[in-house]
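Throughout, numbering of the chain's residues begins at 1 and tracks the sequence. Side chains are part of it too, since the values below use all heavy atoms of this structure and drop only hydrogens, waters and symmetry mates. Quick caveat: nothing in here was measured; it's all calculated off a predicted structure. All ligand and atom numbering here is 1-based and tracks the order in the structure.
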Amino acid sequence: MKLNICHLYPDLLDLYGDRGNIIALASRCRWRGIEPVIRQASLGEDLDFMGMDILFLGGGSDREQGLLVQDLMQREMELRSAIENGLVVLGICGGYQMLGKFYQMVSGEKIQGLGILDVWTIAGAKRLIGNVVVELDERLLGVNTKFRTLVGFENHSGKTYLGEGVMPLGKVMFGNGNNGADSEEGVRYRNVFGTYLHGPLLPKNPHFADLLLELAILRRGTGTRLMELDDRLEKLAHEVMVKRLLKQT
Ligand code: GLN
């Protein structure tokens, strides 16, 4: 079996080693005998969103987000229909923001978003920076219930607010999350997941990587379930951080 994974704008949206999420997804495929077909694509390149299984967008500075907005807008119709057809998407920070209605920078200038997610982002003067622990919403526990949290690192001026028809990934136990006010972090809409967690996110949150892979495989209708992996090291890395951070609360 092959899984088609696309890393969009790897040259523009790749803060804090977010490409490590692609490495984690590819490794967790290979360890199960699934062949990951990784495609990198950026400005002006043709893409077949319907032929993809997972789309990844990393984090980026305001400047880079401004550079890619026109190109991204031209992809809105195709991406929207692929998402409505169950395409699995992971957007990190800037990549997350661009899936929403708009991102209003500190200057007041608005960067238009795809409007696929009913979320919007307004930058504040103070950047939200630091480690984050999230208690996952029960509905997201997926195949691997050994983990009930997400752990990562945030650095954003944008504060994101959720509208109707979307749900947060969970409740912030340490750090700021979406906006530092409503104790929510991230978003889910269908198979689209947005989060402020850099790190990269997936190596220390293998359960979340497997949730994305499981959804992509289920969408294929093959009925294949993911084989359990030996996540002892990943679990140790995850738990060390969760314990260290929650001790500080
Ligand atoms: N430029 C956006 C912000 O500052 C996103 C930052 C990021 O991707 N880390 O909120």
Could you list which atoms of ligand 1 come closer than 4.0 Å to a heavy atom of [X]?
{"X": "Q65", "value": "1 (N), 2 (C), 5 (C)"}
{"X": "L15", "value": "7 (C), 8 (O), 9 (N)"}
{"X": "G59", "value": "8 (O)"}
{"X": "N155", "value": "6 (C), 7 (C), 9 (N)"}
{"X": "C93", "value": "5 (C), 6 (C), 7 (C), 8 (O), 9 (N)"}
{"X": "S61", "value": "1 (N)"}
{"X": "R127", "value": "4 (O)"}

In terms of side-chain heavy atoms, does [X] have a donor or acceptor partner in [Y] at a distance below 3.5 Å?
{"X": "N179", "Y": "Y196", "result": "no"}
{"X": "E185", "Y": "T195", "result": "yes"}
{"X": "Q65", "Y": "Q97", "result": "yes"}
{"X": "N155", "Y": "Y16", "result": "yes"}
{"X": "R244", "Y": "N131", "result": "no"}

Could a heavy atom of [X] be found less than 4.0 Å from some atom of ligand 1?
{"X": "E64", "result": "no"}
{"X": "E154", "result": "no"}
{"X": "Y103", "result": "yes"}

Are more than 12 heavy atoms from other residues, nucleotides or ligands located less than 6.0 Å from atom CZ of R80?
yes
Crowded around M77 CE? As in, over 12 foreign heavy atoms under 6.0 Å?
no
Shortest reach to atom 5 (C) of ligand 1 by a heavy atom, considering only G60, S157, G158:
G60
Using a 4.0 Å heavy-atom threshold (strictly under), name the region of D62 that reaches ligand 1: side chain, backbone, both or neither.
both
Any donor and acceptor pair, going by atom type alone, linking the side chain of D48 with main-chain N or O of G51 inside 3.5 Å?
yes
Judged by atom type as modelled, is there a donor-acceptor pair below 3.5 Å linking the side chain of D231 to the main-chain atoms of P206?
no
What about H198: any of its N or O atoms under 3.5 Å from an N or O on ligand 1?
yes
Looking only at distance, does G94 have an N or O less than 3.5 Å from an N or O of ligand 1?
yes
